[in-house]
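Worksheet: one structure, shown below.
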Amino acid sequence: QVHLVESGGGLVQAGGSLRLSCAASGRIDSTYAMGWHRQAPGKEREFVAVISWNGGTYYDDSVKGRFTISRDNAKNTVYLQMNNVKVEDTAVYYCNAGYWGDYPAAESASWGQGTQVTVSS
């Protein structure tokens, strides 16, 4: 089982930037994709971005051009650079790890506990 721990959440002004990190440990398959989903209060969890083991990326349309996902395989860590954030980006952000074919739903992925991102106007 993969253990994932997110960090880097916090309060940021609209238009500002924030970088989230997620470190993985445990039974890690070197071919795992790693990604981010988010969930706002009272809403369904939604896909944000995913990156394959060899660097391929896929983003939800709502964050294209603003967010960048990256990974450091040596550190088993995935990052989400959030630029030009909007109020509607406010949510708990969850890191996940799984196989590329499971995304964007990531039904079979392992999940972290989440980190809160709050964007103020």
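Judged as a side-chain hydrogen bond (donor to acceptor under 3.5 Å, both in side chains), the pairs with a partner in residues 16-25 (not counting sequence neighbours) are, in order, Ser17-Asn83. Listed by first and then second residue, the ring-ring contact (aromatic ring centres under 6.0 Å, His included) pairs involving residues 54-76 are Phe47-Tyr58 (not counting sequence neighbours). Evaluation of the ring-ring contact (aromatic ring centres under 6.0 Å, His included) test over residues 101-121, restricted to residues two or more places apart or in two chains, returns His37-Trp111. The stretch residues 42-51 participates, sequence neighbours left out, in these side-chain hydrogen bond (donor to acceptor under 3.5 Å, both in side chains) pairs: Arg38-Glu46. Identified under the disulfide bond (SG atoms under 2.5 Å apart) test for residues 18-115, with sequence neighbours left out: Cys22-Cys95.
The existence of a salt bridge linking Asp89 and Lys86 is excluded, since no basic side-chain nitrogen approaches an acidic carboxylate oxygen closer than 4.0 Å.
Here the closest heavy-atom approach between residue Ala24 and residue Val2 is recorded as CB-CG1, 4.1 Å. The shortest non-hydrogen separation linking Ser120 to Val87 is C-CG2, 4.3 Å. Scanning both residues, Ala91 and Ala40, for their nearest heavy atoms gives CB-N, 3.8 Å.
Put simply, CD on Gln81 and CD1 on Ile69 are 12.0 Å apart, with the number rounded to the nearest 0.5 Å. Between atom CD1 of residue Ile28 and atom NE2 of residue His3 there is a gap of 10.5 Å, rounded to the nearest 0.5 Å. One distance of note links CD of Gln116 with CG of Leu11; it measures 10.0 Å at 0.5 Å rounding. A distance of 11.0 Å separates OG1 in Thr115 from CG in Leu80, rounded to the nearest 0.5 Å.
A continuous path of hydrophobic side-chain contacts links Leu18 to Trp36 [ILVMFWY only; heavy atoms under 4.5 Å]. The hydrophobic cluster containing Leu4 does not contain Tyr94, counting ILVMFWY residues as joined when their side-chain heavy atoms lie under 4.5 angstrom apart, directly or transitively. Residues Met82 and Met34 fall within the same hydrophobic cluster, defined by Ile, Leu, Val, Met, Phe, Trp and Tyr side chains chained together at heavy-atom separations under 4.5 Å. In terms of hydrophobic clustering, with Ile, Leu, Val, Met, Phe, Trp and Tyr side chains grouped at heavy-atom distances under 4.5 Å, Val119 and Leu20 are assigned to a common cluster.
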- Task: Step by step, work out the side-chain contact (heavy atoms from CB on, under 4.5 Å) result for Tyr93 and Glu6.
- Result: CA-CA 8 Å; Tyr93 283 71; Glu6 301 95 337; over 6 Å; no
- Passes side-chain contact (heavy atoms from CB on, under 4.5 Å), Asp60 versus Val48? Steps please. CA-CA 5 Å; Asp60 183 77; Val48 176; 5.6 Å; no
Which side-chain N or O atoms in residues 70-78 pair as donor and acceptor under 3.5 Å with protein atoms at least two apart or in another chain?
residue: Arg71; atom: NE; partner: Asn73; partner atom: OD1; Å: 2.7
residue: Arg71; atom: NH1; partner: Tyr32; partner atom: O; Å: 2.9
residue: Arg71; atom: NH1; partner: Ile51; partner atom: O; Å: 3.3
residue: Arg71; atom: NH1; partner: Ser52; partner atom: O; Å: 3.1
residue: Arg71; atom: NH2; partner: Tyr32; partner atom: O; Å: 3.2
residue: Asp72; atom: OD1; partner: Ala74; partner atom: N; Å: 3.1
residue: Asp72; atom: OD1; partner: Lys75; partner atom: N; Å: 3.4
residue: Asn73; atom: ND2; partner: Trp53; partner atom: O; Å: 3.2
residue: Thr77; atom: OG1; partner: Lys75; partner atom: O; Å: 2.9

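Atom CD of Gln113 has 12 or fewer heavy atoms from other residues, nucleotides or ligands within 6.0 Å.
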